[in-house]
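Reminder, nothing fancy here: chain letters follow the sequence lines and each chain counts from 1.
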Amino acid sequence: MLQLLNITRTYEAGGEKAGVFDVSLDVPSGQMTVLAGPSGSGKTTLLQIAGLLDEADGGEVRLEGVAVSTLPERARTELRLNRLGFVFQAHNLLPVFTALENVMLPLQLRGLSTEEARHQAEAALASVDLTPRLHHRPTELSGGQQQRVAIARALAGRPAVVLADEPTASLDQAHGAPLMDLVHRLAKERGVAFLVASHDPMVIGRADRVARLVDGRLVALEVRP
Amino acid sequence: MILARLALRNLLRQRRRSLLTLLVLVASFTALSLAGGFMAQTFQGLSDGAIRGGLGHVQILPTGGLEGGEEGSLEKALEGGETLAAKLRQDPEVAEVLPRIQFMGLLSSGPKSVAFLGSAVDPTREAAHMAVADRVKEGSKAPGGAGSRWLSAQPEAREVILGIGLAKSLGATVGTSLTLMSTTKAGSLNAVDVEVVGLQDLGLRELNDRALTVSLDTAELLLQAEGARSRLSVVLKQPQRADAMAERFARELPGTEAHPWHQLAAFYQQVRMLYFAIFGFMGLVLFLVVFLATANTLLMSVMERIREFGVLRATGLQARQLVALLQWEGAFLGLAGSLTGFVFTLLFRAGMNALHYQMPAPPGTSHGYELFIHFVPMVYVAAFLFLQTTLQLSALLPGLKAARLRVVEALRHV
Ligand SMILES: Nc1ncnc2c1ncn2[C@@H]1O[C@H](COP(=O)(O)OP(=O)(O)OP(=O)(O)O)[C@@H](O)[C@H]1O
Ligand SMILES: [Mg+2]
């Protein structure tokens, strides 16, 4: 469970203020929460603050009940390694590593032995149906397969929260829909809180909760049964 | 260790660029190791030359014996030097003691007389430890021709070995009879007839024009030395103990001073200083070349991987681990460069040595020598460490650049 409390992050650009303003949002475990909104509405900004990649000017981020936004950079990096997972729009993977090695990397950074890391990474890749592609490099995988490797990497370490910024933007509908079905299913199965930034109606349609941003403000929160 | 793996893969990804960088490293390693090998060989040759040329490892002299200004024979001498030598031979660290007398005088062929600088040595002991005997006896290749030989061990033999220049100026060859004239220790004039048994080339023109060598027995007769000796050359069982032993002798033997060989080998010292200066300059140039070439390569690769670094940092890589990643990349480049450079060095060395190239005579010496590059492991280790140090320094800048990237900005990079 991830909580955002009164998050504000402002950018001053040409006399105009942009960013996010006073946003509060709960991201519950086992659900897929989607940050929706037009381009420039602050989705990425909010997601990066929630993912401890950026610091807010005001407000608080709580992870599993603990205030984490004020921790020093080192500790936040450690939390990202141990408790969070990330999926970006594209270019998520190291081109010099195979699918398996990409998924193993954060596990090994946590101190797991090569054997343990391989074991867990293989399981994670199996859960996204990529067992036949373990030893392919990113350039040898389709866009959808690359995104599935990124999801496997994000999930392999059993994180509390996975943050995804436009995960389907570089995919066509035929590949995007099954990917989001997979995300939705994995969120439920594993009790992970998924926070997805997207303006794709296909993604929004599969959400458990939809938070709509306009000009950096939360204008509506839709909770689906 | 996962960082090391990633570093290696990154280098292999940029194969052409890595190879170009490697070329610089291999050239530097080869240049350093060959120059270092040549330098080590020269030092070895010069120190051997000094030690086996008569100095031994430690020289024992009367106090003030280095200051010169001696007017009569054995004016500055170790009284009872022969007895002292016999005593020192009992020392467990001493392999041999070679007493010697330095004296001056005139050498006469009858019509012509020439001033000389004489050394008197123990023919048997000298031949066992010093190079001079070998040079005289080398059969037809010896400067004195096929009939020449080293001084005989017979106490009553009155023989002399002449520097080649000195022999030439008197028109003497092996078999010629000459007269040695000098002052005795007490100050009166004395003369002894001697026969030339060999000629010697001491390597220095000035010496060859003046130097002669006789047995201690001959000098004893000429100078009425009564057991006094100018100096003792001490040969040690362990050459590296020269400094310590010189100190010990100076402490234990009153009225004497003792010096390790390198303090007295002025030529050795000068060449050493010169070579270190040349080598240091070369090292500095290579450092700059390697530093700039590799810093540039690594910086370029950092700029190309900003997006990747953003993702790595997002997934939990610490900033300092990015520095470590770049240092691994530097380390692998250095290792590959050193190993390849080592192979090149061995090939080059084999090639050069097979050529039997004759080097010209160095300034002040009378003959050249054959170029032979020794195998010197220390030099290769030093060249390896040099490259590694340089690479760690040049990887630091790109590493810090990568570490300072803000994650959100790096992620926006495509
Ligand atoms: N580093 C920055 N400097 C200045 N302004 C910024 C910066 N980052 C974001 N902004 C501004 O903040 C606002 C929100 O940007 P953000 O990237 O969060 O939007 P978004 O909803 O993710 O848009 P998109 O759908 O196009 O990705 C925009 O007006 C943007 O111009
Ligand atoms: Mg965005």
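With a 4.5 angstrom heavy-atom cutoff, A/Gln48 touches chain B only via side-chain atoms. In this structure, chain A has no heavy atom under 4.5 Å from any part of B/Arg305. Proximity to chain B is limited to the side chain of A/Arg153, based on heavy atoms less than 4.5 angstrom apart. For A/Ala90, the part lying near chain B is the backbone, with the side chain staying farther off; criterion is any non-hydrogen pair under 4.5 Å. A/Arg83 does not touch chain B: none of its heavy atoms, backbone or side chain, sits under 4.5 Å away. Interface remark: B/Leu312 contributes side-chain atoms only to the contact with chain A (heavy atom separation under 4.5 Å). When heavy atoms are compared at a cutoff of 4.5 Å, B/Val407 approaches chain A solely by way of its side chain, counted from C-beta outward. For A/Phe97, the parts lying under 4.5 angstrom from a heavy atom of chain B are both the backbone and the side chain.
For chain B, the option among A/Gln89, A/Arg110, A/Arg80, A/Glu73 with the highest count of heavy-atom pairs below 4.5 Å is A/Arg80. Top candidate by heavy-atom pairs under 4.5 Å with chain A, chosen from B/Arg307, B/Met1, B/Arg320, is B/Arg307.
B/Leu3 places a side-chain heavy atom less than 4.5 Å from the side chain of B/Leu317.
Electrostatic pairing of B/Glu409 and B/Arg406 counts as a salt bridge here, judged by a charged N lying under 4.0 Å from a carboxylate O. B/Arg5 has a carboxylate O that lies under 4.0 Å from a charged side-chain N of A/Glu101, or vice versa, which qualifies the two as a salt bridge.
Tested against B/Glu308 for a salt bridge (Lys or Arg N to Asp or Glu O under 4.0 Å), the candidates B/Arg9, B/Arg13, B/Arg313 yield a single pass: B/Arg13.
For the residue pair A/Asn92/A/Gln146, the side-chain donor-acceptor check at 3.5 Å is not satisfied.
Between B/Phe386 and B/Phe29, the ring centre distance reaches or exceeds 6.0 Å.
The CD1 atom of A/Ile7 sits 9.5 Å away from atom CG of A/Asp22, with the distance rounded to the nearest 0.5 Å.
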